[in-house]
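Heavy-atom basis, side chains included; hydrogens, waters and symmetry copies ignored.
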Amino acid sequence: MIRQLFKDAGIKVTDQEFKEIMCMTTDDIRENRIKFGKRTSLQQVVTIAKRSLKVLRQCDTALRLYFDRKVGV
């Protein structure tokens with residue numbers, strides 16, 4: 001369902017990215033919502049997943065830049 005919502009919003013993710021996003025989203029919900037007795041709507045799940053995707057891609061870009069620079073040294 002979340003993958004379809006991403007697709008409908010024009011957000012393209014690879015299978016590996018999607019697995020990592022779902023892991024990050026699940027961890028976030030578990031640590032920041034369930035432990036405090038809060039319920040999570042589908043819209044909130046999608047928002048957390050989008051935020052997780054942004055963080056994942058920023059980290060991947062930073063790592064690529066770092067290691068590309070190291071190889072050139």
Side-chain angles (χ1 to χ4, degrees):
M1 177 179 272
I2 294 171
R3 185 183 286 269
Q4 186 61 44
L5 291 171
F6 270 28
K7 185 183 278 187
D8 292 346
I11 301 170
K12 295 180 181 180
V13 295
T14 65
D15 289 338
Q16 186 60 39
E17 282 179 326
F18 188 74
K19 288 177 187 177
E20 188 64 31
I21 291 165
M22 289 297 95
C23 183
M24 292 169 69
T25 301
T26 301
D27 290 346
D28 184 282
I29 291 169
R30 184 182 308 118
E31 295 300 320
N32 297 311
R33 301 193 62 77
I34 293 174
K35 286 186 177 181
F36 294 102
K38 295 181 181 177
R39 300 187 80 119
T40 308
S41 70
L42 179 59
Q43 185 57 44
Q44 289 168 323
V45 172
V46 172
T47 299
I48 294 167
K50 285 179 181 178
R51 196 176 315 132
S52 298
L53 174 61
K54 183 177 180 179
V55 169
L56 179 67
R57 287 186 174 166
Q58 286 175 341
C59 289
D60 284 346
T61 300
L63 284 172
R64 242 181 283 117
L65 289 172
Y66 176 79
F67 285 110
D68 286 348
R69 198 172 357 176
K70 287 288 192 182
V71 171
V73 172

Only pairs under 3.5 Å count here: list side-chain donor-acceptor contacts from residues 47-55, not counting sequence neighbours, and write none if there are none.
from : atom 1 : to  : atom 2 : distance (Å)
T47  : OG1    : Q43 : O      : 3.0
S52  : OG     : I48 : O      : 2.9

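The side chain to side chain donor-acceptor pair (under 3.5 Å) search around S41 returns Q44, not counting sequence neighbours. Partners of K35 according to the salt bridge (charged side-chain N to carboxylate O under 4.0 Å, His left out) rule, which considers only residues two or more places apart in sequence or in another chain, are E31. Evaluation of the side-chain contact (heavy atoms from CB on, under 4.5 Å) rule for D27 yields C23, R30 as partners, not counting sequence neighbours. Partners of T40 according to the side chain to side chain donor-acceptor pair (under 3.5 Å) rule, which considers only residues two or more places apart in sequence or in another chain, are R33. Residues meeting the side-chain contact (heavy atoms from CB on, under 4.5 Å) test with Q4, sequence neighbours left out: K7, D8. In this view, Q58 satisfies the side chain to side chain donor-acceptor pair (under 3.5 Å) rule with no residue, not counting sequence neighbours. The side chain to side chain donor-acceptor pair (under 3.5 Å) search around E20 returns none, not counting sequence neighbours.
How far OG1 of T26 is from CD1 of I34: 8.5 Å, rounded to the nearest 0.5 Å. Summarising the geometry, atom OG1 belonging to T25 is positioned 8.5 Å from atom CZ belonging to F18; distances are rounded to the nearest 0.5 Å. In this structure, CD on E17 lies 12.0 Å from NZ on K12, to the nearest 0.5 angstrom.
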Determine, stepwise, if the pair L42 / L5 fulfils side-chain contact (heavy atoms from CB on, under 4.5 Å). CA-CA 10 Å; L42 179 59; L5 291 171; 4.1 Å; yes

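Hydrophobic clustering, with ILVMFWY side chains joined whenever heavy atoms are under 4.5 angstrom apart, groups V46 together with M1.
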